[in-house]
Amino acid sequence: MGTQTDRLTDIGPPHYEKFLHPVIKKNYGKWKYHENPAPGVLCHVSETGDRIYTVRAGSPRLLSIQTVRLFADLADKYSGGYLRFTSRNNVEFLLDNPDNIAPLKKALTDAGFPVGGTGNAISNIVHTQGWVHCHSSATDASGIVKSVMDALCDHFTEQKLPAKLRIALACCLNMCGAVHCSDIAILGIHRRAPKVRHDTLNKVCEIPTVIASCPTGAIRSATVDGKPSVEVIEEQCMYCGNCYTVCPAMPLNDPENDGLSIWVGGKVSNARSAPSFSKLAIPFIPNNPPRWPEVVDAVVNIVDIYARNARKFERMGEWIDRIGWPKFFELTGIEFTRYHIDDFKNAGLTYARSAHLRF
Amino acid sequence: MGTQTDRLTDIGPPHYEKFLHPVIKKNYGKWKYHENPAPGVLCHVSETGDRIYTVRAGSPRLLSIQTVRLFADLADKYSGGYLRFTSRNNVEFLLDNPDNIAPLKKALTDAGFPVGGTGNAISNIVHTQGWVHCHSSATDASGIVKSVMDALCDHFTEQKLPAKLRIALACCLNMCGAVHCSDIAILGIHRRAPKVRHDTLNKVCEIPTVIASCPTGAIRSATVDGKPSVEVIEEQCMYCGNCYTVCPAMPLNDPENDGLSIWVGGKVSNARSAPSFSKLAIPFIPNNPPRWPEVVDAVVNIVDIYARNARKFERMGEWIDRIGWPKFFELTGIEFTRYHIDDFKNAGLTYARSAHLRF
Amino acid sequence: MADQKYPTPLLDELEKGPWPSFVKEIKAAAKAKPTAEDLLGQLELSYEEKISHWKHGGIVGVMGYGGGVIGRYSDVPEKFPNVSHFHTLRVNHPSGWFYTSDVLRKLCDIWEAHGSDLTNFHGSTGDIILLGTKTDELEPTFNDLTKLGFDLGGSGSVMRTPSACVGQARCEWACYDTMALCNDLTHLYQDELHRPAFPYKFKFKCSGCPNDCVASIARADLSIIGTWKDDIQQDDAAVSEYAAAGLDIQKDVCDRCPTKCMDWDGKKLSINNRECVRCMHCINVMPKALRPGKEKGATLLIGAKAPILQGALLSSVLIPFVPADELLETLKELVSRIWDFWGEYGNNRERVGELIQRIGMSAFLDAIGLDPVPEMISAPRDNPYIFFQGEDVAEGTAEDEEVQNEATVKETK
Amino acid sequence: MADQKYPTPLLDELEKGPWPSFVKEIKAAAKAKPTAEDLLGQLELSYEEKISHWKHGGIVGVMGYGGGVIGRYSDVPEKFPNVSHFHTLRVNHPSGWFYTSDVLRKLCDIWEAHGSDLTNFHGSTGDIILLGTKTDELEPTFNDLTKLGFDLGGSGSVMRTPSACVGQARCEWACYDTMALCNDLTHLYQDELHRPAFPYKFKFKCSGCPNDCVASIARADLSIIGTWKDDIQQDDAAVSEYAAAGLDIQKDVCDRCPTKCMDWDGKKLSINNRECVRCMHCINVMPKALRPGKEKGATLLIGAKAPILQGALLSSVLIPFVPADELLETLKELVSRIWDFWGEYGNNRERVGELIQRIGMSAFLDAIGLDPVPEMISAPRDNPYIFFQGEDVAEGTAEDEEVQNEATVKETK
Ligand code: SRM
Ligand code: SRM
Ligand code: SRM
Ligand code: SRM
Ligand code: SF4
Ligand code: SF4
Ligand code: SF4
Ligand code: SF4
Ligand code: SF4
Ligand code: SF4
Ligand code: SF4
Ligand code: SF4
């Protein structure tokens with residue numbers, strides 16, 4: 001490391017304790033219970049009698065430093081300079097003085113950051129990079145999230161759902177985030193096999209690695225225009241994109257055929273029912289930027305039907321379990337297609353292996 | 001077909017109507033409800049007011065014509081000559097006169113055929129050929145069935161269980177019968193790879209067929225003593241016996257290592273819970289003819305624990321579902337081993353994918 | 001046991017105890033039949049050595065048939081010459097396993113004339129099993145059987161003898177005539193039953209209601225399970241009687257209903273029939289008060305089998321509801337399409353359920369011309385690996401389209 | 001928007017509506033930064049053409065580290081030269097994502113000096129994402145970050161930044177100190193985080209209770225979920241308060257308990273704690289009345305991941321309970337054994353969960369020296385395909401034994 005004698009490495013993250021509100025430091029591990037006095041507001045009560053108030057606001061996650069500084073200013077003004085972000089990318093201000101709650105809420109709302117996301121509400125949509133930063137994306141992330149949240153914003157600022165409703169979006173099958181276990185998942189998908197760049201493939205990738213990358217064995221070696229390359233057996237390709245991750249000469253992106261799919265009924269928590277995967281609701285919706293109205297409509301429709309029909313404390317998947325999938329398709333008006341029927345590894349277990357039927 | 005001008009073929013089975021009791025013929029499709037006045041006795045009541053009484057007796061299934069004739073005699077005497085067998089190989093006499101029930105029961109019992117098997121009882125053990133007729137068997141069938149039923153006979157003649165309890169036995173992995181969906185299944189298993197008969201293999205079997213028969217790809221071609229043959233990669237063999245079914249030169253039978261395994265919690269009916277497979281309880285018990293005491297003890301133990309702990313109408317599997325598998329192993333004292341953990345195709349789905357735990 | 005040819009100290013142990021003894025049966029037969037006598041000897045040897053003494057298969061049969069007989073040879077014929085051949089015949093049973101004493105005696109007479117005197121009532125598939133005879137007795141036995149009106153069942157790659165629960169003959173819950181359907185199917189497919197033309201075996205089983213008393217969902221390639229479409233028939237007076245007689249309707253009925261669609265207010269039982277999944281539990285518990293609805297029919301399910309090779313399968317829903325009077329016609333049509341496709345695409349020794357696993361249910365539905373409905377699945381796929389079809393994807397060249405339509409039937413792992 | 005370099009009619013649509021707009025954020029940054037300006041232009045082009053304009057990867061980073069930077073290049077650099085390089089840095093967040101205004105401002109200052117002014121608070125793994133800069137700014141950014149006390153997160157085949165729910169800092173249910181554990185693990189494994197030596201990525205996530213607020217069971221190779229061993233702490237007076245306040249304890253609590261182990265007689269709530277599966281529901285609904293027990297710790301689960309390649313996995317139970325004060329030591333010991341084995345036997349790009357799927361859980365347990373317990377499974381196997389081990393089978397030759405012990409790790413399909 002030569003001349004840079006003062007270069008620091010492997011120092012890890014700063015210790016969190018430095019950033020904790022004094023009330024939190026004092027009552028660490030001593031919290032007794034909490035209340036949820038209003039949407040976006042939590043009050044945690046300690047065994048010592050101390051209270052800490054949380055005000056949560058929605059964030060686009062993609063933040064300019066200007067906005068980060070705004071959050072810092074608000075924290076200085078209302079929460080002693082203490083704030084945090086949540087596992088779903090909301091921002092939370094930690095207050096010891098309840099009198100600051102109302103002005104902080106107003107300041108946030110005025111600045112365009114809705115307060116909410118707590119309790120039986122829709123919280124922020126966990127999402128990924130999309131066209132803002134990722135080569136692999138079949139769709140944008142931020143644009144759809146913005147469009148969907150615009151339509152569902154009341155469900156963020158109010159707590160009028162039967163249970164928590166978690167939406168997530170991933171822009172390709174890599175599924176960065178916990179998309180596969182969401183009440184509603186919006187997933188970018190490709191639908192055509194990679195278009196092999198025969199001119200460069202041999203230069204930028206190892207052919208055996210490319211061949212080995214394919215889970216279905218759809219790739220085989222080939223000589224094209226005298227150059228060693230590979231070919232893809234189109235009908236064996238399930239558009240997983242693994243070959244593209246491994247080799248840049250195998251792009252899958254295709255403006256005509258890329259788009260979205262919608263999945264429902266997954267969950268993460270162990271509350272009541274076990275964690276479970278989201279299941280296919282809508283196999284394909286075309287990309288329609290800038291506001292993806294078909295995706296927005298599809299999500300809003302599912303949320304509405306769920307909100308009207310589920311019982312208290314029933315998550316999306318628990319509701320569908322109770323009423324059965326045929327009823328879900330009937331109520332939502334979503335078409336049931338051949339694509340809904342699993343044909344992957346454990347497919348047989350998803351067939352209806354009983355005579356339990358509703359008519 | 002030359003000279004045999006009167007040779008009949010493809011006539012199919014005789015029409016059942018010829019064999020129906022007149023009361024049944026008259027009330028066919030008109031039955032209204034039934035009662036179960038005593039173990040082994042059913043009374044079906046028709047919309048016409050007619051009644052037909054059924055007396056059911058246990059049978060070893062393997063019957064000499066002497067016993068079949070005895071049944072015919074009893075039918076003539078008590079049920080107008082009408083009788084049937086059940087889907088679990090019991091014999092049923094169909095009576096229009098309730099006065100004949102008691103003498104028929106006595107006659108059957110005196111002849112050594114216990115009356116029972118109805119309602120919440122243990123019925124006959126569905127089973128297979130074993131050493132009586134099958135080359136593939138890892139154990140005998142009739143001998144174990146006799147030994148187990150001797151121990152459980154009271155559960156046949158009384159109705160004191162929480163629900164029906166169905167036991168089945170198959171003498172090899174081919175699982176002739178519905179063994180895989182039984183409350184308790186007794187299954188003969190091999191535990192060593194086939195011993196290849198290199199001297200005859202090439203003569204009696206097609207080598208490519210033998211190789212293709214193996215689901216794990218454990219068989220490969222080999223030349224032994226100058227003769228084309230195959231060899232088995234022992235550690236890849238899961239003793240399924242398919243190669244032996246396909247080729248006689250691949251016998252698996254092995255007196256030292258063949259034996260029994262016990263499976264629990266399967267069911268067929270759709271009553272309450274969906275049909276389900278039996279799950280592994282005991283991976284291996286050695287063959288111990290003539291009375292297989294370890295198998296008998298194992299089954300009796302499971303039945304006893306179930307009978308004491310399950311709630312009314314809970315089948316074996318429904319009971320275990322409620323209490324959880326750890327509790328099942330604890331209550332029965334059965335050792336939990338590496339073999340219980342699935343490592344076949346859908347194995348991942350049998351891992352405990354939640355934090356739902358009892359302590 | 002001085003007059004026994006071979007001492008059987010081990011087997012003798014199995015004459016003890018309250019359950020009827022198969023050893024007594026073999027001994028009874030052995031009094032008249034050297035075959036049964038030698039069986040006893042060989043079985044005792046198996047008990048000593050803990051191993052089967054039967055050799056692997058052997059193709060024997062009756063003229064013009066490709067199945068119905070299981071060839072069996074002893075591997076110790078020098079010791080037990082009378083079981084050197086010990087073939088069994090599988091014989092179609094009458095639907096519902098109903099007999100008269102008369103016909104049973106005639107069957108016994110035939111077997112006394114030609115075989116070991118030993119039988120199974122019945123085999124696991126449902127056939128009458130005539131257990132053990134020599135090759136040259138097969139044809140004469142067959143001739144006598146057909147004269148009595150009986151025919152052989154199946155073995156090998158054929159349709160097997162269908163079976164049916166007792167159904168409308170003696171059960172109030174049968175939603176269609178299981179015995180008639182079983183009989184019709186058996187007669188309809190005589191050729192498929194007797195002459196191997198399939199990739200592997202094919203079984204039908206007919207249960208009159210979801211209690212499934214012939215275990216069709218566990219062991220039939222085509223399971224036909226009776227059900228109803230309208231509301232459970234309810235007799236309130238009879239409900240009250242059960243309650244009065246001490247049945248805890250809340251605990252034993254409502255709380256055990258899988259969909260919790262029943263409500264008991266202490267006086268009146270209300271069923272939300274749109275939520276009911278026809279599990280039968282409440283009907284089973286109160287047969288006098290509740291009965292299946294009046295709009296009866298059956299659910300068709302496909303694909304059950306034992307574990308060889310890819311693990312056991314339960315049948316899964318193929319057609320949720322077929323009215324009772326359309327069952328035979330629907331089945332005829334459907335089965336011919338299934339057999340055509342399976343015959344062409346099924347691998348050797350691949351059951352239809354395994355074929356579906358291999359190519360996927362959707363491809364199978366395409367092939368047999370059935371539309372997918374959500375009743376076929378317990379849940380939609382949870383993996384994103386969708387093979388989109390050519391016609392659903394834009395911008396394919398003409399060539400591509402062709403490839404993709406062909407590709408309906410393709411293999412995943 | 002006259003002063004914008006590129007017109008963005010499509011993106012402008014996304015400034016409308018009540019939810020905060022990422023387009024506004026990019027525009028805010030674009031005022032000062034040409035990088036953000038060009039990002040806006042390229043993104044508008046993607047919106048027009050419905051395709052990403054980023055090229056595949058590219059290995060860039062800081063000295064001595066093998067990860068932490070995602071290299072990114074435009075495929076239209078001639079149009080948008082300021083994003084020809086647009087690499088992001090992943091920066092370890094402080095446990096629980098707690099900040100002071102002060103430290104946030106300093107982070108902003110660093111990024112203002114070296115990057116696009118754009119960030120993600122946070123990435124899906126939990127890192128602070130500094131979104132977009134040029135190759136030659138990487139090292140200077142890194143130096144400033146470390147001076148402020150921050151370090152890079154992971155990318156590629158390394159351990160990734162662990163994350164933790166807010167835990168004992170602000171949650172009454174945390175059964176262990178999630179933030180401390182997360183911080184300890186991150187510091188302990190700095191080398192594994194920064195220098196690729198694994199077959200693929202490895203993620204830890206720490207949730208304080210079964211509500212799992214960091215979704216660890218869905219997306220961590222090692223999920224650490226708080227739980228308790230003794231009885232739920234119950235405050236009867238508070239229960240009554242909830243009832244008085246109108247909570248329907250029977251319907252909303254007892255009937256929703258997955259094991260139905262709660263009994264409410266209208267006055268007193270009784271929990272059969274031996275039947276309770278620690279699902280949290282009743283506690284969630286009545287936080288003042290019910291709390292996790294006092295004997296606290298965590299369940300360790302293994303193997304979650306996204307679907308590439310063999311389908312998504314949820315983590316499954318590896319150790320049912322570790323007391324809170326033994327967690328770090330237990331993890332250290334366990335993780336070293338897991339990493340050793342995975343490092344040796346894992347294929348390239350094979351997550352530990354997939355390795356377990358491939359070789360079987362039992363073989364994996366053998367390899368890491370853990371005994372099987374029934375808590376690891378939802379049910380025992382239902383297929384009869386048991387690979388018996390050499391030592392359990394009689395009569396093997398010495399040679400055989402060896403082969404069979406080796407064979408612990410073997411592949412099924
Ligand atoms: C702040 C946060 C943790 C963090 O470290 O950042 C958090 C905090 C709390 N969670 Fe959470 N959860 C947080 C993400 C999650 C997640 C993860 C996720 O969404 O990706 C889950 C799993 C979701 C799932 O199952 O898909 C989660 C499932 C729960 C549950 C279980 C809900 C259920 O019925 O399934 C509870 C209990 C409840 O709400 O009754 C809970 C309860 C709580 C409580 C009440 C815990 C407490 O006593 O303080 C906190 C306030 C909840 C609220 O929003 O009303 N928290 N919680 C996360 C806020 C995310 C956000 O901005 O919206
Ligand atoms: C005679 C027989 C049908 C036949 O055509 O031969 C039959 C007849 C009846 N069955 Fe069955 N079942 C018969 C095999 C079965 C089978 C198949 C099997 O055991 O292999 C099953 C599925 C078993 C399983 O799930 O593993 C079966 C599951 C039922 C059930 C559902 C029980 C449950 O709670 O799961 C009922 C309803 C009940 O008993 O409450 C039922 C009810 C009945 C009733 C009450 C129907 C009626 O109204 O007549 C009959 C008398 C039952 C009794 O024994 O108490 N039958 N029944 C079979 C008698 C076998 C025997 O000798 O024991
Ligand atoms: C006789 C019988 C057992 C019994 O004692 O009852 C029987 C006996 C044999 N079965 Fe079976 N199976 C018998 C009913 C069944 C059933 C039950 C059923 O049909 O309801 C099954 C399970 C359901 C199914 O079909 O999957 C069954 C699943 C098998 C299998 C596994 C098939 C599979 O796909 O997994 C084999 C192996 C094979 O086909 O090669 C098999 C093979 C055999 C063979 C032919 C042995 C062989 O490897 O070739 C056995 C001849 C024994 C002998 O010497 O007599 N037998 N076999 C049953 C037929 C009697 C009858 O016709 O009534
Ligand atoms: C930045 C981030 C998305 C985001 O916007 O938040 C991200 C972005 C990428 N992920 Fe991811 N993943 C990110 C969190 C995740 C998560 C969530 C998590 O960690 O909790 C997952 C699912 C959980 C998991 O690990 O399975 C995830 C599963 C993947 C996968 C699929 C891995 C698998 O085993 O199935 C890939 C593909 C791969 O590794 O080759 C992937 C690959 C990628 C790559 C590196 C693209 C590639 O093909 O090489 C993406 C770079 C995008 C870019 O240009 O910045 N990313 N990725 C997240 C990391 C930010 C951070 O450090 O905080
Ligand atoms: S989900 Fe796919 S496209 Fe989106 S950030 Fe992750 S790897 Fe990139
Ligand atoms: S996208 Fe996936 S399935 Fe298609 S060729 Fe590439 S690796 Fe194979
Ligand atoms: S289970 Fe196996 S051994 Fe027994 S009869 Fe069937 S094929 Fe033969
Ligand atoms: S018994 Fe089964 S696994 Fe073993 S070699 Fe034969 S076919 Fe293969
Ligand atoms: S299946 Fe149904 S109809 Fe048939 S006998 Fe059983 S209970 Fe009766
Ligand atoms: S049949 Fe089953 S599902 Fe229907 S009401 Fe009765 S118990 Fe409930
Ligand atoms: S996981 Fe549990 S302990 Fe952690 S924040 Fe969520 S509710 Fe609290
Ligand atoms: S934690 Fe869950 S399982 Fe335990 S008592 Fe409460 S609701 Fe029931």
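Per chain, numbering begins at 1; letters A, B, ... match sequence-line order.
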Engineer: Does any heavy atom of chain D fall under 4.5 Å from the side chain of A:Asn89, the backbone, both, or neither of them?
Structural biologist: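 Both parts, heavy atoms under 4.5 Å.
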
Engineer: Would you please test A:Glu92 and D:Trp97 for side-chain contact (heavy atoms from CB on, under 4.5 Å) and show each step?
Structural biologist: CA-CA 10 Å; A:Glu92 287 184 340; D:Trp97 302 288; over 6 Å; no

Engineer: Does D:Ser95 use its side chain to pair, donor to acceptor, with the backbone of A:Tyr16 at less than 3.5 Å?
Structural biologist: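 Answer holds: no.
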
Engineer: At a 4.5 Å cut-off on heavy atoms, which part of D:Lys305 comes close to chain A: side chain, backbone, both, or neither?
Structural biologist: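 Only the backbone of D:Lys305 comes within 4.5 Å of chain A.
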
Engineer: Can you tell which part of A:Ser213 gets under 4.5 Å to a heavy atom of chain D, answering side chain, backbone, both or neither?
Structural biologist: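 Backbone only.
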
Engineer: Does A:Asp10 pair with D:Arg195 as a salt bridge, N-O distance under 4.0 Å?
Structural biologist: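 Yes, A:Asp10 and D:Arg195 are salt-bridged.
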
Engineer: Which answer fits D:Val166, side chain, backbone, both or neither, if we ask what part of it has an atom under 4.5 Å from a heavy atom of chain A?
Structural biologist: both

Engineer: Can you find a pair of side-chain heavy atoms, one from D:Glu25 and one from A:Pro60, that are under 4.5 Å apart?
Structural biologist: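 In contact.
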
Engineer: Using a cut-off of 6.0 Å, state whether more than 12 heavy atoms not belonging to A:Lys25 lie near its atom NZ.
Structural biologist: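 Count over threshold, so yes.
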
Engineer: Between atom CG of D:Leu39 and atom NE2 of A:His133, what is the distance when rounded to the nearest 0.5 Å?
Structural biologist: 8.5 Å

Engineer: Could you check which of D:Leu314, D:Asp102, D:Asn348, D:Ile217 has the highest count of heavy-atom pairs closer than 4.5 Å to chain A?
Structural biologist: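 The residue among D:Leu314, D:Asp102, D:Asn348, D:Ile217 with the greatest pair count is D:Leu314.
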
Engineer: Does D:Asp252 come within less than 4.0 Å of A:Lys312, counting only side-chain N to carboxylate O?
Structural biologist: yes

Engineer: Does A:Trp131 offer a backbone N or O that forms a donor-acceptor pair with the side chain of D:Trp54 under 3.5 Å?
Structural biologist: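 Looks like yes, one N/O pair under 3.5 Å.
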
Engineer: For the backbone of A:Pro13 and the side chain of D:His187, can you confirm whether one donor and one acceptor N or O come within less than 3.5 Å of each other?
Structural biologist: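 Side chain of D:His187 to backbone of A:Pro13, a donor-acceptor pair under 3.5 Å: yes, one is there.
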
Engineer: Which bit of A:Cys134 comes within less than 4.5 Å of chain D, counting heavy atoms only: side chain, backbone, both or neither?
Structural biologist: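 Contact with chain D: backbone and side chain both.
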
Engineer: Heavy-atom distances under 4.5 Å only: say whether D:Lys55 touches chain A with side chain, backbone, both or neither.
Structural biologist: backbone

Engineer: Measuring heavy-atom distances to chain D, does A:Lys18 have an atom under 4.5 Å in its side chain, in its backbone, in both, or in neither?
Structural biologist: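 It is the backbone, since no side chain atom gets that close.
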
Engineer: Is there a donor-acceptor pair under 3.5 Å between the side chain of D:Lys50 and the backbone N or O of A:Pro289?
Structural biologist: no

Engineer: Please work out whether the ring planes of D:Trp173 and A:His34 are parallel, tilted or perpendicular, with thresholds of 30° and 60°.
Structural biologist: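 Rings of D:Trp173 and A:His34: perpendicular, as their planes differ by over 60°.
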
Engineer: Can any side-chain N or O of A:Asn270 pair as donor or acceptor with the backbone N or O of D:Asn211 at less than 3.5 Å?
Structural biologist: no

Engineer: Which atoms of D:Glu112 come close to chain A, meaning under 4.5 Å heavy atom to heavy atom: side chain ones, backbone ones, both, or neither?
Structural biologist: both

